[in-house]
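The structure under discussion appears below in the form of structure tokens.
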There are 2 protein chains.
Amino acid sequence: MRLSKRGEYGLRAMIALAEPAPKGDAPQMMQIKEIALREGISAKFLEQILLALKNAGLLHSKMGVGGGYYLAKPSSEITLGQIFRVLDGPVAPVKCVSQMSYEPCGCPDEATCGLRLVMGDVRNAIANILDHTSLADVIKRQNSVRKNPGM
Amino acid sequence: MRLSKRGEYGLRAMIALAEPAPKGDAPQMMQIKEIALREGISAKFLEQILLALKNAGLLHSKMGVGGGYYLAKPSSEITLGQIFRVLDGPVAPVKCVSQMSYEPCGCPDEATCGLRLVMGDVRNAIANILDHTSLADVIKRQNSVRKNPGM
DNA sequence: ATAAAGTCTATAATCTTGGTAGTCTTTATG
DNA sequence: CATAAAGACTACCAAGATTATAGACTTTAT
């Protein structure tokens, strides 16, 4: 049940881009290098990840001098589930319980397969969290922990 | 977030072994071949899986003619979480939120890392299901679905 | 014109997955 | 006690995924 480095780096980068821009009200724009340095990641690897997120419509970019990446939508409209699926594929532990990309698994009768029933619960539990947590929610939560360390 | 074949086959086998023995009150005993045939799995691959579960104390076996595998404990005392961890390792998506096998991840401050906070929720959601579902629960659920198909 | 930045494709080095194969040990039983 | 059935154990392997690295190309500000 592991999150790949690809997924991890992508989520970290998106969270970084969701932080409010230091000055001005324009959406936060950052360069690959900037994010890579800040998160301690290979810039070339991150490049591929951001490109995938861009092609999926979650990021926009500006080329050329002074360019960079920025969120394609307000941070409240981008969920971790969307990001995760682009980078790591379906959330479901087994294909036969996937909502977004179902495929039958081997069992003779899916309706009464005990494993499938439980894995369906697992997939729902994960999806509920990831699909109902936006980047804005993450930022909010980070800030509230920073203000109130004990909790 | 995928369940490996190793994990899948192991869970299926354990569920099969948790089914009440056809006759008598002794714990259900089955041979590798028997389970492999029933689940459509390579017997040699299943062998390794069952061996791991045995070495982890979840299964007992009887060698020699008429031997086989059987649950080491009543099916109500073996959880899917125990089985999963033996075969697929920690439940947590990132090591830094693992309860059973913690390791620090890269972030500068773990306490305020947004990704870590969310992944902690995910790990708890998964663990809550797997650690509170016993093999007996799975059998019960299978039977109730069989009796009452619509739900 | 130039340099800074993203785009795109290919390749490489591990690691993981999903097995297969073979030998050894134990045990029931004829 | 010979034999065959069964698990125990170890080694190995092919294919694919993962985690990058490299380099050539395109766009754009100045």
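It should be emphasised that the depicted structure is a prediction, and the values quoted were computed from it without experimental measurement. The sequence lines fix the lettering, A, B, ..., with proteins before strands; numbering per chain opens at 1. In what follows, every heavy atom counts, from backbone to side chain, and hydrogens, waters and symmetry copies are set aside.
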Considering just the side-chain nitrogens and oxygens of B:Lys62, establish if one lies under 4.0 Å of OP1 or OP2 belonging to C:dA28. yes

Please report the distance, rounded to the nearest Å, between CE in B:Met29 and P in D:dA5. 16 Å

I want to check something: taking the side chain as every heavy atom from C-beta on, are B:Cys96 and B:Glu103 in contact at a cut-off of under 4.5 Å? no

Any heavy-atom pair between the side chains of A:Val91 and A:Arg85 that's under 4.5 Å? yes

Does a side-chain N or O from B:Lys54 land closer than 4.0 Å to OP1 or OP2 of D:dA8, or not? yes

How many Å lie between CE on A:Met63 and P on C:dG6, as a whole number? 9 Å

Counting just side-chain N and O atoms, does B:Asn55 come under 4.0 Å of either OP1 or OP2 of D:dA8? no

I want to check one thing: is the phosphate of C:dT16, taken as OP1 and OP2, less than 4.0 Å away from some side-chain N or O of B:Arg2? no

Taken to the nearest whole Å, NZ/A:Lys5 to P/C:dT16 is 12 Å

Within the structure provided, determine whether B:Lys33 and B:Leu37 are in side-chain contact (heavy-atom separation under 4.5 Å). no

Note, A:Asp109 side chain near B:Arg146 side chain (heavy atom, < 4.5 Å): no

Check the distance between D:dA20's P and A:Ile32's CD1 and give it to me in whole angstrom. 16 Å

Between B:Leu51 and B:Ile35, is there shared hydrophobic-cluster membership here, with clusters defined by ILVMFWY side-chain heavy atoms closer than 4.5 Å? yes

Can you name the one residue among A:Arg6, A:Glu8, A:Met14 that meets side chain to side chain contact (heavy atoms under 4.5 Å, CB included) with A:Ile49? A:Arg6

Atom-pair distance (CD on A:Glu8; P on D:dT18), nearest Å: 14 Å

Over all strands shown, is A:Asp88 touching base, sugar-phosphate only, or nothing at heavy-atom distances under 4.0 angstrom? nothing

Please tell me which of the listed nucleotides, C:dG18, D:dT21, C:dT26, lies nearest to the side chain of B:Ser4? C:dG18

Here the residues of residues 44-53 of chain A within 4.0 Å heavy-atom distance, strictly under, of DNA chain D are A:Lys44, A:Phe45, A:Glu47, A:Gln48

Measure from CD1 on A:Ile41 to C1' on D:dT21 and round the result to the nearest Å. 16 Å

For B:Tyr69 and for A:Tyr9, find the nucleotide of DNA chain D with the closest heavy atom, then tell me which residue's nucleotide is more 5'. B:Tyr69

Starting at CG of A:Leu87 and ending at P of D:dT19, how long is that distance when rounded to a whole Å? 11 Å

Between P of D:dG7 and CG of B:Leu17, the distance in whole Å: 11 Å

Using a cut-off of less than 4.0 Å, is there contact between a side-chain N or O of A:Ser42 and OP1 or OP2 of D:dT21? yes

Would you check if B:Leu130 and A:Met119 make a side-chain contact, meaning some heavy-atom pair closer than 4.5 Å? yes

Which nucleotide wins on minimum distance to the side chain of A:Val65, given the candidates C:dA3, D:dT26, D:dG7? C:dA3

